[in-house]
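Worksheet for the structure shown next.
We count residues from 1, following the sequence as given.
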Amino acid sequence: QAAGQQARDGMARKAARQEKAPAAGKKASPPKGGKEPSKKPFLLSWKAGGSLAAAFAAAACACFGASRQWLDCSTLPSGSHGKLLCEFRKAGGKVHPALEIRDNDGHRSVVVTKDVAVGELLFWVPDSIMLQGSGLGGNRQGVHEEVDKNGVKTIRVGMSFPEAGAPRPPDTAEALAADLLVEKGRGPDSVFAAHVAALPAQPMSYMTYPEELQAVLRSLYAFEEPERLAERVEAVRAAANASLPAPATDEEIRWALAVVASRATATFEPEIPVALIPLYDMLNHGHSGEPHVSCERSGSRHMGLACRSPGLKAGGELLVNYGEHPSAAFLGRYGFLPTGHRMHRQMSLPQSATVLEAYNCTQSAVNIPYDVTEDDLWEMLRCYRIGLMRSLQQNGPEIQEFASANGWFDVPLSAMPRTAEALGSIGSDRVWFLSVLEGRFLKAARDDLERELQRASEENLAPLLAAMHASKASWKACFQELAEKVELEARADAAALRALLAVYERMQGAFAWTAQFTAETAR
């Protein structure tokens with residue numbers, strides 16, 4: 001709009017000059033000093049601030065995202081997408097002209113209005129407008145903005161530490177939540193005002209859910225107990241209140257923690273600590289089969305986060321992957337169930353990733369989907385079995401390295417020996433020994449599942465669901481809708497657990513011969 005107004009002003013000035021111009025065929029008088037006017041109309045127009053210069057300057061800013069202090073964002077409504085994008089550009093961020101933020105029935109998405117080729121820059125976020133938790137512990141004091149001689153903004157944070165007996169220092173997420181509250185309290189004076197105003201008033205995350213809904217979710221996943229939630233609220237309160245005009249309420253603190261839990265990212269650590277990154281924190285989750293935006297650290301004089309197109313068609317949405325999590329975790333952290341491939345259980349590997357990388361194990365956990373078969377589960381458990389064998393107290397690394405070197409972990413379940421016979425270069429006695437270990441590993445995993453099933457049994461689930469039904473009518477509509485999804489997931493989870501136990505039982509059967517062989521050998 002500003003560029004258009006400048007262009008119109010230029011046209012008016014040009015018309016005025018034409019009215020004052022000499023008649024056709026009559027040479028203009030030279031200016032004082034006897035010099036002819038310059039023959040470079042572009043430079044004259046640039047120096048005079050004409051329409052060509054205005055259009056060129058606007059195009060340069062649009063293309064390269066230079067800081068545009070002349071942009072006036074004050075007339076745009078607070079919390080609006082236009083306000084956010086205007087302030088984003090004004091602070092030096094870069095935005096593709098086809099990028100658009102949309103709201104459809106409460107569902108926010110970031111899309112492109114025309115085709116954007118693979119690798120084309122969608123947006124660039126400078127570090128200066130990322131809201132990052134101080135992480136130093138204690139109370140945050142005096143968040144302020146400093147501008148150097150080049151006009152570069154830097155956010156400075158001062159800290160004071162809690163006295164003895166005060167609540168513990170906040171962790172990284174709690175520190176970020178405290179900073180968010182401080183910036184929200186500063187209102188329009190905050191350098192993050194447009195970003196904070198665009199955050200959801202009702203974030204869908206476990207911290208803000210009604211207690212009865214939280215209780216059902218805890219039966220499905222290792223979410224925090226009420227005591228731990230209260231501790232986190234107090235840690236944020238202690239960190240934020242000294243810098244707030246009025247003490248933060250429990251509701252405000254839980255809002256800030258929920259925003260951090262559902263929208264902050266640690267993907268780019270250690271270069272970017274846990275942070276709320278404007279535009280990036282608006283991107284929705286896409287499953288593994290969908291094209292995702294690729295983002296990386298970028299910048300020469302100033303660093304930031306550059307996000308590029310995977311090859312989007314007009315109307316295509318910018319998506320990122322929130323990570324591999326069980327379905328219950330998605331409901332608790334983000335308030336929705338992912339489409340496409342859904343995971344039922346996640347098992348952490350019993351060894352560090354650096355140790356297991358040598359054995360082609362790059363994941364930190366085993367992700368078990370619904371309706372898994374014995375052969376598929378056996379293959380998924382490969383790195384888990386390697387880690388368990390390496391963790392044996394007596395000669396664990398040597399046993400695991402021998403088994404790996406001789407291809408033990410690459411043998412499908414259906415091809416595993418059913419008697420004490422040689423397998424490739426592994427002798428019969430060692431086949432028996434390794435088979436005994438495998439049977440024990442499977443039994444331990446099955447015992448863990450049985451304990452989970454007991455926790456999620458119909459007997460334990462019934463009173464939790466009854467309490468949720470009794471209080472649901474007083475909840476907000478978004479929580480009522482979520483409660484229905486959680487109940488369906490709770491019942492599906494119990495059924496899936498029973499099916500998974502049966503799979504483990506059949507897998508154990510492949511090694512049942514070891515017990516009979518051991519008994520016969522003893523006799």
Side-chain angles (χ1 to χ4, degrees), residues 106-108 130-135 140 167-184 192 195-196 198-211 213-218 220-240 248-269 272-285 320-338 343 346 365 475-476 478-479 481-483 485-486 489:
H107 175 75
R108 178 178 292 174
M130 298 178 188
L131 184 53
Q132 303 175 23
S134 58
R140 173 177 175 153
R168 61 165 177 76
D171 62 25
T172 305
E174 292 161 356
L176 179 53
D179 288 355
L180 175 57
L181 285 173
V182 171
E183 296 302 334
K184 191 171 187 290
F192 305 104
H195 184 196
V196 173
L199 295 171
Q202 180 56 74
M204 294 297 288
S205 193
Y206 178 77
M207 181 61 72
T208 60
Y209 296 163
E211 292 181 3
L213 181 54
Q214 289 179 346
V216 177
L217 283 166
R218 283 197 299 273
L220 305 176
Y221 190 76
F223 286 109
E224 294 163 312
E225 296 290 337
E227 296 78 10
R228 169 60 178 159
L229 294 182
E231 181 184 315
R232 299 196 70 196
V233 167
E234 292 308 313
V236 174
R237 193 192 314 278
T249 65
D250 281 11
E251 183 178 0
E252 290 171 332
I253 294 172
R254 287 176 180 270
W255 169 83
L257 284 167
V259 167
V260 170
S262 60
R263 300 176 74 89
T265 181
T267 302
F268 309 103
E269 287 188 310
I272 302 176
V274 176
L276 288 165
I277 303 176
L279 283 188
Y280 182 85
D281 64 19
M282 288 185 168
L283 303 187
N284 290 319
H285 171 74
V320 292
N321 194 310
Y322 289 6
E324 296 291 339
H325 308 291
S327 298
F330 269 98
L331 285 171
R333 292 176 184 171
Y334 309 114
F336 71 91
L337 282 173
M343 193 207 315
Q346 190 173 60
W475 296 351
K476 295 179 180 179
C478 59
F479 293 144
E481 183 180 345
L482 178 62
K485 296 178 182 178
V486 169
E489 186 62 26

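Residue I277 holds its CD1 atom at 10.5 Å from CG of L279, rounded to the nearest 0.5 Å. With rounding to the nearest 0.5 Å, the separation of CD in E231 from CD in E174 is 7.5 Å. The distance from the CZ atom of R263 to the CG atom of L283 is 9.5 Å, given to the nearest 0.5 Å. Note that the CD1 atom of I253 and the CE atom of M207 stand 10.0 Å from one another [nearest 0.5 Å]. Atom CH2 of W255 is separated from atom CG of L181 by 6.5 Å, given to the nearest 0.5 angstrom. Annotation: the span from K485 atom NZ to L482 atom CG amounts to 7.0 Å, rounded to 0.5 Å.
Of the charged side-chain nitrogens involved, at least one lies within less than 4.0 Å of a carboxylate oxygen, so that D171 and R228 count as a salt-bridged pair.
Across N284 and R108, no two heavy atoms sit closer than the pair ND2-O, 2.8 Å. The two atoms that bring M204 and S262 nearest to each other are O-CB, 4.3 Å, heavy atoms only. The minimum heavy-atom distance between L220 and A328, with the atom names listed, is CB-CB, 3.7 Å. The shortest non-hydrogen separation linking P203 to A258 is CG-CB, 3.6 Å. Residues F223 and G332 approach most closely at CZ-CA, 3.5 Å, considering heavy atoms. The heavy-atom pair separating I272 from A275 by the smallest distance is CG2-CB, 4.1 Å.
Shown here are the side chain to side chain donor-acceptor pair (under 3.5 Å) partners of R254, two or more places apart in sequence or in another chain: there are none. Taking the side chain to side chain contact (heavy atoms under 4.5 Å, CB included) definition, one finds that A264 meets it with L176, V260, V274, L276, sequence neighbours left out. Applying the side chain to side chain contact (heavy atoms under 4.5 Å, CB included) test to P226 and every residue at least two apart in sequence or in another chain returns R218.
Taking the side chain as every heavy atom from C-beta outward, D179 and Q132 never approach each other to under 4.5 Å. The shortest distance between side-chain heavy atoms of L180 and L199 falls below 4.5 Å. The shortest distance between side-chain heavy atoms of H285 and F330 falls below 4.5 Å.
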Q: Go through L331 and Y206 one step at a time and tell me if the side-chain contact (heavy atoms from CB on, under 4.5 Å) criterion holds.
A: CA-CA 8 Å; L331 285 171; Y206 178 77; over 6 Å; no

Q: Take T208 and F479 through the test side-chain contact (heavy atoms from CB on, under 4.5 Å) and record every step on the way to the result.
A: CA-CA 10 Å; T208 60; F479 293 144; 4.2 Å; yes

Q: I would like to know whether R232 and E224 meet salt bridge (Lys or Arg N to Asp or Glu O under 4.0 Å); could you show each step before the answer?
A: CA-CA 10 Å; R232 299 196 70 196; E224 294 163 312; 3.6 Å; yes

Q. So R333 and Y322, side-chain contact (heavy atoms from CB on, under 4.5 Å) or not? Walk me through it.
A. CA-CA 10 Å; R333 292 176 184 171; Y322 289 6; over 6 Å; no

Q: Decide yes or no on side-chain contact (heavy atoms from CB on, under 4.5 Å) for L217 and Y209, but give the supporting numbers first.
A: CA-CA 10 Å; L217 283 166; Y209 296 163; 3.6 Å; yes

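In this structure, Q202 places its CD atom where more than 12 heavy-atom neighbours from other residues, nucleotides or ligands lie under 6.0 Å away. Within a 6.0 Å radius of CD in E211, no more than 12 heavy atoms belonging to other residues, nucleotides or ligands are found.
Checked by atom type and distance alone, the side chain of R237 pairs as donor or acceptor with a backbone atom of A248 at under 3.5 Å.
Aromatic pair H325/Y221: ring centres not closer than 6.0 Å. Ring-centre distance between Y280 and F268: below the 6.0 Å cut-off.
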